[in-house]
J.: 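A single structure is presented below for examination.
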Amino acid sequence: MTTLEDLLKIPRFSDLKLLTNPTKANTIVESIEISETPDVANFIPKKIFLLTTAMVYKDNQQELITLIDSLKEQEAAGIGIKVGRFIETIDPEVVAYANKINFPVVQVSSTQPLGAVLHQLLNYLWDTKTEQLSYALDIQKRFSNLLIHDVSIARFVADFGKMINTPVILLSPYRKVIAHSKHFTQTSKPAEYYVEQLITKYANWNEDSNTSFMIDDLNREPMQIAGFPVTVNSYFPHYLLILNPQQVPYPMSEFAVEQACLVLSFMLYKNQKVQESLDFLKSDFLGQLVEYQQAPHQSKRDWLDLGTNYGLKKSTQYQVVYAVCSQTKTTATKIKYQQEESDIAFQWLSEALPPRIKNISIFKVKNTNHLAILIQSKVDDLEKILTELSLELTEKLPITLTFALGNSYETVEQIASSFIEAKTAYEEMLTMTDVVLTHGYHPKGMKSLFEKMSLEDIHYFCETTLKELAYPVEDSFIELRKTLQCYLSFQCEISKTAKEMYLHRNTIKYRIDHCAKILGKSIQDPTNSLNLRLALELSERSNQHQ
């Protein structure tokens, strides 16, 4: 990567005089062109240094400003104008305008033929490119040898840092240090020291493109870091950081770094696919465990022995937590995004949960992007821990994790019950208007079967079952309803009902007989008793919703 400033410092190009601000001559030069055409900007690629005699502008140099504007828009590296043939000197107003828009203007001596200048500049650029390419190919060969020998990512990053003789750090999508070169073992600060500065100072950096940062070194002096995305997934890349890139020995080309990123992408992708095959077996085991434990008349199986490889342990407490990434309107239709988001959440939980909760195992729920966390120990403040984890991840990535909790059970055979409860709690979360990060399962009983019924249907059921006792207004019917409700709650025992209501047994018997006449059915009949209990509960609840 050669800049115009680099070219002008070379002794053989001492006849080229920079007329504009020297600090603005750091434009990248990829090629050189000669042209006398006023609309040349329409026909050249970016990063071109244009040579011209300005023949067209000999009578009106002010029109050079239009040419400079068009070259600036095309991201040209600068313009070199030969003096002494068509124009004697370059108009100071033209130079002042170029300075204003930060566009380099170079004066070419009258003694230098433009063709010779073009040839010399191109030779230098071509030699540089050849050297860079040779260096990059050498690095590629060394990378290939490392791949053939199946080295670890940590070893690869360490070797790459040694090759370019500067510290290197590889970050996960949620900016955790995965590997770093050996430079950090010789300093008083670990790699995390620099990463934390980076996160604090550049909280919203764009990880999809190459970026340069300025942070402080150990002596509180400014230090540059170059960042390069390492693409394994489409939406959440890893990140390769190179400290003090300006000190990298020449010719460390950007192509060589791209090769390193490419190899890292391959290694990370390979590791991801190996992990996915293990996760699939683990997911399949969870599915079998839940389905088998729900099936009637199942034979005894040693689930602890079968699940040893999947993190199952002997315990007196088993609880399942259902974890799901919340979707926004933008991501709700992006299937690939949801899958990658779930994978990142799985990795995050696998690293962040074990230090806080003992004896956990995390499963991917089959045929979904959901996760199931099996907790096999007693945990205080579980909801608080899960909320903190969710908030920590949201600070690092645009991912919001929500957790639905099943109840805790004492045996392995009851894991399925906790799983079903956790999944039910998650489904309840989908219907909630308030956004919550955690939600526990609460048993509802038989009346939950009627939750989706309309009020009209509930009223009809209650009125046909309870008659005048469904929604009583008169005091006598209200008292009869209370007595019936108490009588049923005490399993149709008159003595207990009388004691509860502070009434004589005969009074209770009279009222129950009166209720039976109104209802036209036996209250003691099991089927009638069930319907009456349900109707009493539903009529009370429907009254509250009116």
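One is the number of the first residue; the rest follow in order along the sequence.
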J.: Could Lys378 and Asp380 be called an ion pair, given the rule that one side-chain N must be under 4.0 Å from one carboxylate O?
T.: yes
J.: Atom CZ in Phe403, atom OG1 in Thr438: separation rounded to 0.5 Å?
T.: 9.0 Å
J.: Do Thr465 and Leu532 have side chains that get closer than 4.5 Å, going by heavy atoms?
T.: yes
J.: Under 3.5 Å, is there a donor-acceptor pair linking the side chains of Asp284 and Gln288?
T.: yes
J.: OG/Ser326 to CD/Glu341 distance, rounded to the nearest 0.5 angstrom?
T.: 8.5 Å
J.: As an exercise, state the distance from CG of Leu281 to CG of Asn309, rounded to the nearest 0.5 Å.
T.: 9.5 Å
J.: So does Lys334 get a backbone contact from the side chain of Thr331, meaning a donor-acceptor N/O pair under 3.5 Å?
T.: no
J.: Run Glu276 and Lys273 through side-chain contact (heavy atoms from CB on, under 4.5 Å) and show every step you take.
T.: CA-CA 5 Å; Glu276 280 179 7; Lys273 289 303 172 187; 3.1 Å; yes
J.: For Met429, which of Thr424, Val436, Val324 qualifies under side-chain contact (heavy atoms from CB on, under 4.5 Å)?
T.: Val436
J.: Take Tyr409 and Tyr318 through the test ring-ring contact (aromatic ring centres under 6.0 Å, His included) and record every step on the way to the result.
T.: CA-CA 5 Å; Tyr409 290 91; Tyr318 295 97; 9.7 Å; no
J.: Locate the shortest heavy-atom distance separating Gln524 from Ile512; write the atom from each residue and the value.
T.: NE2-CG2, 4.3 Å
J.: Between Tyr193 and Phe184, is the ring-ring contact (aromatic ring centres under 6.0 Å, His included) condition met? List the steps.
T.: CA-CA 10 Å; Tyr193 168 78; Phe184 300 99; 9.8 Å; no
J.: Just checking, Arg301 and Tyr292: is the charged tip under 6.0 Å from the six-membered ring centre and within 45° of the axis?
T.: yes
J.: Under the 3.5 angstrom rule, does the side chain of Ser489 hit a backbone N or O of Cys486 as a donor-acceptor pair?
T.: yes
J.: Between Thr308 (side chain only) and Asp305 (backbone N and O only), is there a donor and an acceptor less than 3.5 Å apart?
T.: yes
J.: For Leu198 versus Leu241, what's the shortest heavy-atom pair and its separation?
T.: CD2-CD1, 3.6 Å
J.: Should Ile360 and Leu349 count as side-chain neighbours, where that means a heavy-atom distance under 4.5 Å?
T.: no
J.: What do you reckon, is CD of Glu410 surrounded by more than 12 foreign heavy atoms closer than 6.0 Å?
T.: no
J.: Using a 4.5 Å cut-off on heavy atoms from C-beta on, say whether the side chain of Leu484 contacts that of Leu519.
T.: yes
J.: Give a yes or no on whether the backbone of Ser418 and the side-chain of Asn407 come within a donor-acceptor separation of less than 3.5 Å.
T.: no
J.: If we ignore hydrogens and angles and just use 3.5 Å, is the side chain of Thr231 paired with the main-chain N or O of Asn233 as donor and acceptor?
T.: no
J.: Just do the salt bridge (Lys or Arg N to Asp or Glu O under 4.0 Å) check on Asp150 and Lys270 with the steps written out, would you?
T.: CA-CA 11 Å; Asp150 197 26; Lys270 181 198 72 173; 2.7 Å; yes
J.: Could you tell me whether the side chains of Arg481 and Ser539 share a donor-acceptor contact shorter than 3.5 Å?
T.: yes
J.: Spell out, as yes or no, whether a donor-acceptor pair under 3.5 Å connects the side chain of Ser181 to the backbone of Ala158.
T.: no
J.: Is there side-chain contact between Val232 and Pro237, with heavy atoms separated by less than 4.5 Å?
T.: no
J.: Going by atom types only, do Thr387 and Ser390 share a side-chain donor-acceptor pair under 3.5 Å?
T.: no
J.: Between the side chains of Asp525 and Lys521, is the shortest nitrogen-to-carboxylate-oxygen separation below 4.0 Å, so that they form an ion pair?
T.: no
J.: With distance as the sole test, does Thr166 use its side chain to make a donor-acceptor pair with the main-chain N or O of Pro245 at under 3.5 Å?
T.: no
J.: Do Gln414 and Thr411 have a side chain donor and acceptor closer than 3.5 Å?
T.: yes
J.: Report yes or no: does Arg175 contribute a side-chain atom to a donor-acceptor pair with the main-chain N or O of Val195 at less than 3.5 Å?
T.: no
J.: Side chains of Glu383 and His439: does their closest heavy-atom pair fall under 4.5 Å?
T.: no
J.: Using 30° and 60° as the class boundaries, would you call the ring planes of Trp348 and Tyr174 parallel, tilted or perpendicular?
T.: perpendicular
J.: Where do Phe236 and Glu340 come nearest, in terms of heavy atoms and distance?
T.: N-OE1, 3.9 Å
J.: A side-chain contact here means heavy atoms from C-beta on lying under 4.5 Å apart; do Leu437 and Thr400 qualify?
T.: yes
J.: Show your reasoning for whether side-chain contact (heavy atoms from CB on, under 4.5 Å) applies to Leu397 and Ile344.
T.: CA-CA 10 Å; Leu397 290 172; Ile344 294 294; 3.7 Å; yes
J.: Establish, from distance only, whether the side-chain atoms of Asn369 and Gln339 form a donor-acceptor pair under 3.5 Å.
T.: no
J.: Once rounded to the nearest 0.5 Å, what's the spacing between atom OG of Ser265 and atom CD of Gln272?
T.: 11.0 Å
J.: Checking side-chain contact (heavy atoms from CB on, under 4.5 Å) for the pair Leu264/Leu170: CA distance, chi angles, key distance, verdict?
T.: CA-CA 9 Å; Leu264 281 170; Leu170 179 64; 4.2 Å; yes
J.: Any heavy-atom pair between the side chains of His238 and Pro229 that's under 4.5 Å?
T.: no
J.: Return the OH to NE2 distance between Tyr426 and His370, rounded to the nearest 0.5 Å.
T.: 4.0 Å
J.: Write down the atom of Leu371, the atom of Ser342, and the distance for their closest heavy-atom approach.
T.: CD2-OG, 3.9 Å
J.: Report the C-alpha separation of Leu312 and Ser361 in whole Å, then their side-chain angles, then the decisive distance to 0.1 Å, and conclude whether the side-chain contact (heavy atoms from CB on, under 4.5 Å) test is met.
T.: CA-CA 7 Å; Leu312 218 59; Ser361 186; over 6 Å; no
J.: With no hydrogens and no angle check, just 3.5 Å: does a side-chain donor-acceptor pair link Asp279 and Gln275?
T.: yes
J.: More than 12 foreign heavy atoms under 6.0 Å from NZ of Lys282: is that the case here?
T.: yes
J.: Measure across Ser408 and Gln319 and return the closest heavy-atom pair with its distance rounded to 0.1 Å.
T.: CA-CB, 4.1 Å
J.: May I ask you to check if Lys364 and Phe346 form a cation-pi contact, with NZ or CZ under 6.0 angstrom from the six-membered ring centre and within 45° of the axis?
T.: yes
J.: As a test of understanding, state which of Lys396, Lys176, Arg356 forms a salt bridge (Lys or Arg N to Asp or Glu O under 4.0 Å) with Glu351.
T.: Lys176
J.: Tell me which one of Phe363, Phe419, Tyr310 satisfies side-chain contact (heavy atoms from CB on, under 4.5 Å) with Leu374.
T.: Phe363
J.: Is the shortest side-chain heavy-atom distance between Asn359 and Ile375 below 4.5 Å?
T.: no
J.: Distance from Lys141 atom NZ to Gln259 atom CD, nearest 0.5 Å?
T.: 15.0 Å
J.: Ignoring hydrogens and geometry, is there a side-chain-to-backbone donor-acceptor pair from Ser283 to Lys366 under 3.5 Å?
T.: yes
J.: Would you name the heavy atoms of Gln338 and Gln327 that are closest together and state the gap between them?
T.: CG-OE1, 3.4 Å
